[in-house]
Amino acid sequence: QSQELSHVRIDYHAALLALQEQGTRMVCTGKMHTDRVCRFDYLCYCTEAEEFVFFHSNASVMLPNLGPRRFQPALLDLSSVEDHNTQYFNFLELPAAALKYMPKPVFVPDVTLILNRFNADNLMHIFHDDLLPIFYTMQQYTDLDDEARLVFMEGWGEGSHFDLYRLLSSKQPLLKEHLRNFGKLMCFTKSYVGLSKMTTWYQYGFVQPQGPKANILVSGNEIRQFASFIMDRLNITTEERPDGDDYIVVFSRASNRLILNEAELLFTLAQEYKMRTVTVSLEEQTFASIVQLISAASMLVSMHGAQLITSMFLPRGAAVIELFPYAVNPEHYTPYKALASLPGMDLQYIAWRNTNEENSVAYPDRPWDQGGITHLEKEEQERILASKEVPRHLCCRNPEWLFRIYQDTMVDIPSLLEVVREGLKVKPNLKKSKTASVIHPGRVRQPKCQTSVQAAHEAKLSVSWQIPWNLKYLKEQRFNRPVKVVQHYIMTTAVTTDLARRSLHKPP
Ligand code: UDP
C-alpha cells in the first residue's frame, strides 16, 4: 500500500467540522513571491480542476493579504528556481459554506511539504534544485520531521532517481498523479508550500546567461552536512584508508559525451599520481556504490555533466577535474566549479577544454535534444560548424550549445596533465585536513586614546582597547578544530608630530 495516507487515524468528523467552521488559515514568510514559504491549516486541493482551494470563514487568516496582487505574478515559487513562470503557486477561493455542495473531502493527516521538482531526470537538478532545498526547508520548520509527507506537484512521473527523494522522510512521497486516487477534494491538515532558496548557488540562464547566483548564501559546511545525511541514509560508511591506498575516480557517461580514450586516460593518471584509478558510471553502478567510492577518492575526473554533482561527496582536500568538449568555454558553464569553490568545501577545481577539433566527434544527425543540427537552415548549420566557441546564450535549447556539449572527446593527455600540474597547488591530500571555522570578533571594548607631549616637536598618541569579548575564550581554550579569526578592525595611528602638537594645543 504505497499510497496509503497514514496509519494515524484522524477523527473525520472533527476535521470536517474544523474545516467548515475555521476555514483555511495561511501565514507566510517572505516579502516577495520569490522568497516566500507559506504554512497552511486546511489547504485543500481539487483533483479534477487541478486547483488548490482556500476556504473562507470568519476564522480564516491570509497573511500576506495581497488582494489582486496575489496574481502579480503569483503567491510564490513552487520550485527552488527563482521566478520561473511555469513554477508559480496560487489558490482559488470559496466560502466554507460551499463545502456543503462539494464532494466529501479526504483529509491528509501528515504534516506535508508541497513543492515542484524542477527536473527529476537530471542528477544535478535533483540535488541542487530539489533535495538540498527540501532538506533545509524541513530544517527550518520543526514539524517537517522524518514523518513529514512530501507532495510533488510539477506533474511528472517518478523520474530517474526517485529513491533519493525517499531518503528525506519515512513516508512515501506523493506525485500529483497519485492525488486523484484519494478523491476529488483533498484537504491537507497542516502543510507548507514552497521551498527555501537559501542553498542554491547556480542560475540556469533564463534571463541572463547561466552562472553562479549573485548572492550565494550557502557554504561548504551546509553542503557537507547534507551530504553526510544522504550517506547515512544510504548506509554508506567511510572507513579510514590505510596510507598509500589513495585512488582516482573517473566518472564516465555510457551513452553520450564520451571520453574516447578512457583506458589511456586511466593509465596515465595512475602513472602520474602513483594511484589506483577506477571508473564509475550511472549505467553500471548503483548510486550508493558510486557515492561510497567518491567519498574516499583523492581526485574525481569527468566530462562536464550532471554526474559531477557527486563531487559534493568528495573528502576535503580532493581535486575535481572537469573536462569540456571542443568549442565549449569552461568559464561559461560553472555549476561544479561554483560548488567546489564554496567557502569550506575545500576542494581543488581544475577545468580542461579540448582545443583540437580533430579530437572531437560531433553528431549533427542526432535529434535536436541530443545536439543534432540537421533540422536547421543550411546557413545556420555551416555557421555552427565553423564556430570555434559557443557564444554565451540563454537556457535551454540553444542548438549550437547542444551540438557542442554532446560531442565525444579524445582527451589530449599531455595538455590535460599540463593543466592539472599547473592547477593543483598541492598534491590532492585528504589526510585529516580539518577546516578552520571562521570566527568574527566582537566589537572593540573600552577604546582609549592617550596623548602626551614628549618634547617641543614630538607628541605621542596611543590607542588601546580591550580584546573583543569572544576572543578571550579562544586564547584560553584548546579547540579540536583550528579556528581562523577574521580581523575587521583596522586602526590607523599614523600621526605626524606637527599635527599632533597642533591638535593638542587647540583649546577645548
Ligand atoms: N546521463 C548518464 N549517462 C549518459 C548521459 C547522461 O548517466 O551517458 C545522465 C546524467 O548524469 C543526467 C541525465 O542522464 O543525470 C541527463 O543527462 P543530460 O546530458 O541531459 O544532462 P547534463 O549531464 O548535461 O546535465
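For ligands, and for the atoms within them, numbers begin at 1 and follow the listed sequence. Residues: numbered from 1 along the sequence shown.
Aromatic ring centroids of Tyr333 and His393 lie under 6.0 Å apart. For an aromatic pair to be called close, the ring centres must be under 6.0 Å apart, and Tyr204 with His128 satisfies this.
Within 4.0 Å of ligand 1, protein heavy atoms come from Asp121, Asn122, Leu123, Arg253, Ala254, Ser255, Asn256, Arg257, Leu282, Glu283, Gly305, Ala306, Gln307, Tyr406.
Under the 4.0 Å criterion applied to side-chain N and carboxylate O atoms, Glu418 and Arg421 are not assigned as salt-bridge partners. The pair Asp110-Lys171 meets the salt-bridge criterion, with a side-chain N (NZ, NE, NH1 or NH2) lying under 4.0 Å from an Asp/Glu carboxylate O.
Ring orientation note: the planes of His84 and Phe118 are nearly perpendicular, at an angle over 60° on the 30°/60° scale.
Annotation: side-chain hydrogen bond (donor to acceptor under 3.5 Å, both in side chains) contacts of Glu82 (sequence neighbours excluded): none.
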